[in-house]
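One structure is given here, and the rest of the page talks about it.
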Amino acid sequence: MSSATPSSESLAILGATLIDGTGHDPISNAAIVIEGGRIKAVGPRDAVLVPQGASVIHADGKTLLPGLIDCHVHLSFEAGMNMLRRLMTPPSLGLMHAVPNCKVTLEGGITTVRDAGGTPAGVKMAVERGMFPGPRMLVAVTILSQTGGHADGYMPCCVDMRLGNYPDVPHGVVDGVDDMRKKTREILRAGADWIKLCTSGGVLSVADDPRSPQFTVEEISAAVYEAGTHYKRCMAHAQSTIGIKNALKAGVASIEHGIWLDDEAIDTMKKQGAYLVPTLVAPRDVIAFAEANAGALPEVMVNKARAVADDHSASIRKAIQAGVKIAMGTDSGVGPHGRNARELGLMVDHGMTPMQSIIASTLEAARMLHLDRETGTLEPGKLADLLVVEGDLLDDIHLVEQPDKLDLVMKAGKIAKNQLTVTQRAAVVGA
């Protein structure tokens with residue numbers, strides 16, 4: 001067994017069943033050759049030339065697939081919204097949680113993320129500079145909320161417990177079109193890749209109802225316009241039916257959670273090509289955390305999580321059946337980091353095939369993030385973001401969420417986790 005990155009210029013993985021992320025049928029006894037962080041060749045074993053001296057990993061009986069993409073995480077959040085813990089944690093200490101969170105997320109098979117707010121762009125920069133391991137990151141930096149809205153951290157005790165309380169994370173409470181325009185510009189100045197807005201109430205807030213709409217169409221449109229001037233887009237925390245429709249009317253690119261989608265909203269999403277990021281695991285994680293940590297969450301939040309669970313499931317089933325574009329997301333930070341791949345099994349439970357859940361977590365997620373030229377599928381020329389999972393993933397999608405079954409994680413050709421033996425091959429083999 002070796003966990004080190006091979007020192008030779010080429011690495012070949014041989015013998016696995018290949019799921020390349022394109023939706024094509026799996027290829028048994030496949031081979032992939034990686035050089036310079038990118039895929040040089042991939043396909044049936046007898047059609048791929050393995051260079052002389054390449055390092056080799058034999059993966060017979062395993063599944064090879066692209067690295068997973070989680071489109072909704074909060075890497076700077078310590079898992080679980082423990083209110084007393086937050087009150088007693090200095091912001092600088094809180095931010096340090098991003099370091100282990102990034103590491104376990106990558107080791108859990110997530111090679112790319114979109115951080116949905118609360119994490120400064122400096123965390124992304126630190127990972128890019130190799131200061132600590134983590135997934136490739138796009139960041140929203142700030143979560144925008146109206147006064148009294150879902151991401152307004154002002155508590156009944158008159159303390160503002162806003163998330164992301166750092167100098168380079170602009171305060172996110174905003175009201176009115178002009179203020180929205182200015183605030184969006186501030187967030188873009190802070191290095192945001194996406195703009196995150198709360199267009200409805202939510203579960204983990206004390207002063208609103210998940211069924212309530214938030215922000216006017218005009219306010220949302222101002223953010224969409226300003227983001228667009230920087231060739232960037234907006235994502236909407238949108239649980240209520242009206243909040244979803246307002247976000248879509250304003251041109252938001254992705255709907256997060258989507259608890260109360262109706263036929264009109266689904267039809268609009270399909271016509272506009274908007275994505276749904278279901279975060280099915282999120283309310284389950286809220287309930288599980290509350291049950292394991294009595295008193296950590298206000299009862300109003302726990303009750304909302306329980307109240308929305310069935311409607312959330314029904315809404316996502318309806319969207320999947322209707323053919324809405326789905327991109328995987330978990331809201332990790334609400335729940336534990338590093339266990340993101342549980343979302344694939346939940347998507348299957350809600351009507352997807354295992355292959356569809358993999359595509360939603362690879363190619364479709366990459367398309368939504370406009371990263372599909374570089375990642376999301378295993379094709380020559382793309383970055384070598386990949387996983388090797390023990391067993392047949394199409395027979396049991398839950399294998400990918402089990403750490404002891406996730407044998408290899410690679411991001412851009414660098415090994416982040418490896419439970420397999422790396423050997424050297426001295427001879428040229430293959431076609």
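All values below were derived from every heavy atom in this structure, side-chain atoms included, with hydrogens, water molecules and symmetry-related copies excluded.
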Could you report the tightest heavy-atom contact between A360 and E364, atom names first, then the distance?
CA-CB, 4.0 Å
Give the minimum heavy-atom separation between G243 and P213, together with the two atoms involved.
N-CB, 4.0 Å
What orientation do H74 and F77 show, parallel under 30°, tilted 30 to 60°, or perpendicular over 60°?
parallel
H337 and side-chain contact (heavy atoms from CB on, under 4.5 Å): which partner among D70, L75, V73?
L75
Does [X] come within less than 4.0 Å of [Y], counting only side-chain N to carboxylate O?
X    : Y    : value
R185 : E226 : yes
D193 : R114 : no
E374 : R38  : yes
D385 : R136 : yes
D208 : K304 : yes
D115 : K196 : no
R339 : E401 : no
E343 : R284 : no
D311 : R211 : yes
K318 : D263 : yes

Taking atom [atom1] of [X] as the centre, does the number of heavy atoms from other residues, nucleotides or ligands within less than 6.0 Å exceed 12?
X    : atom1 : value
Q272 : CD    : yes
Y225 : OH    : no
N29  : CG    : yes
R373 : CZ    : no
K245 : NZ    : yes

Worked check of side-chain hydrogen bond (donor to acceptor under 3.5 Å, both in side chains) between H150 and S205
CA-CA 5 Å; H150 176 59; S205 43; 2.9 Å; yes
Partners of H24 by side-chain hydrogen bond (donor to acceptor under 3.5 Å, both in side chains), sequence neighbours excluded?
T22
Please tabulate, for the side chains in residues 388-395, all donor-acceptor contacts under 3.5 angstrom to protein atoms that are two or more places apart in sequence or on a different chain.
unit_1, atom_1, unit_2, atom_2, d
D392, OD1, L394, N, 3.1
D392, OD1, D395, N, 3.4

So S10 and E35, side-chain hydrogen bond (donor to acceptor under 3.5 Å, both in side chains) or not? Walk me through it.
CA-CA 5 Å; S10 299; E35 290 185 359; 2.5 Å; yes
Listed by chain and number, what are the side chain to side chain contact (heavy atoms under 4.5 Å, CB included) partners of I320, not counting sequence neighbours?
I316, I326, H350, M352
Audit row: S332, N340, side-chain hydrogen bond (donor to acceptor under 3.5 Å, both in side chains) steps and yes/no:
CA-CA 7 Å; S332 292; N340 314 54; 3.2 Å; yes
Any donor-acceptor pair under 3.5 Å from S315 side chain to L261 backbone:
yes
Residues H257, H312; criterion side-chain hydrogen bond (donor to acceptor under 3.5 Å, both in side chains); working and verdict
CA-CA 8 Å; H257 317 304; H312 191 194; 5.7 Å; no
